[in-house]
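Being a predicted model, the structure only gives us computed values, none of them experimental.
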Amino acid sequence: TGMLEGLARLSLDELIDKEIVLVGTPEQVAEQVARIRQIPGVGEFAMIANYGGIEHWKALKTQELFARRVLPALSGSL
């Protein structure tokens, strides 16, 4: 559909404003994911923690925080 190619044209601020990229504390990210799950037609969520040359330990830490703090916060809405 060309959607991914279109994303490359957006700035980071635009990606964040459109909630395509989720940033913040685990609690903020959980709120963002919960909001997105309410959008009709949204059935999947993909997490990319290794992007833009980020250091390996940071990608692992992101995944750990998501598993330990974001997912449990969403357990009531899953």
Side-chain angles (χ1 to χ4, degrees):
T1 64
M3 185 175 178
L4 290 178
E5 290 82 5
L7 293 178
R9 292 185 209 105
L10 298 175
S11 70
L12 178 58
D13 287 338
E14 290 171 314
L15 291 169
I16 293 169
D17 289 344
K18 294 177 184 287
E19 289 193 318
I20 296 167
V21 172
L22 308 180
V23 297
T25 65
E27 294 75 23
Q28 291 168 325
V29 171
E31 290 173 12
Q32 294 167 348
V33 172
R35 228 180 4 262
I36 291 168
R37 290 192 70 246
Q38 300 304 313
I39 299 171
V42 172
E44 294 182 19
F45 177 85
M47 178 184 160
I48 300 172
N50 187 4
Y51 52 89
I54 191 170
E55 296 173 71
H56 184 68
W57 73 269
K58 290 180 181 178
L60 293 176
K61 185 66 174 180
T62 296
Q63 293 174 34
E64 178 186 357
L65 284 170
F66 193 86
R68 291 183 188 259
R69 296 189 44 201
V70 175
L71 286 180
L74 293 169
S75 64
S77 65
L78 293 176

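- Between T62 and M47, some side-chain heavy-atom pair lies under the 4.5 Å cut-off.
- Rounding to the nearest 0.5 angstrom, the gap separating the NZ atom in K58 from the NZ atom in K61 is 12.5 Å.
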**OP:** Please report the C-alpha distance between L65 and V29 in whole Å, then the side-chain angles of each, then the deciding distance to 0.1 Å, and finally whether the side chain to side chain contact (heavy atoms under 4.5 Å, CB included) criterion is met.
**Re:** CA-CA 10 Å; L65 284 170; V29 171; over 6 Å; no
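- At most 12 heavy atoms of other shown residues, nucleotides or ligands fall within 6.0 angstrom of atom CD1 in I48.
- Here E14 pairs with nothing under the salt bridge (charged side-chain N to carboxylate O under 4.0 Å, His left out) rule; sequence neighbours left out.
- Rounded to the nearest 0.5 angstrom, I20 CD1 and L10 CG are separated by 5.5 Å.
- Partners of I16 according to the side chain to side chain contact (heavy atoms under 4.5 Å, CB included) rule, which considers only residues two or more places apart in sequence or in another chain, are L12, V21, V23.
- L60 and V70 fall into different hydrophobic clusters, defined by Ile, Leu, Val, Met, Phe, Trp and Tyr side-chain heavy atoms under 4.5 Å apart, directly or through other members.
- For N50, the side chain to side chain contact (heavy atoms under 4.5 Å, CB included) partners at least two apart in sequence or on another chain are I54, A59.
- Between E31 atom CD and L22 atom CG the span is 11.5 Å, to the nearest 0.5 Å.
- Side-chain contact between F45 and L74: absent, with no pair of heavy atoms (C-beta onward) separated by less than 4.5 Å.
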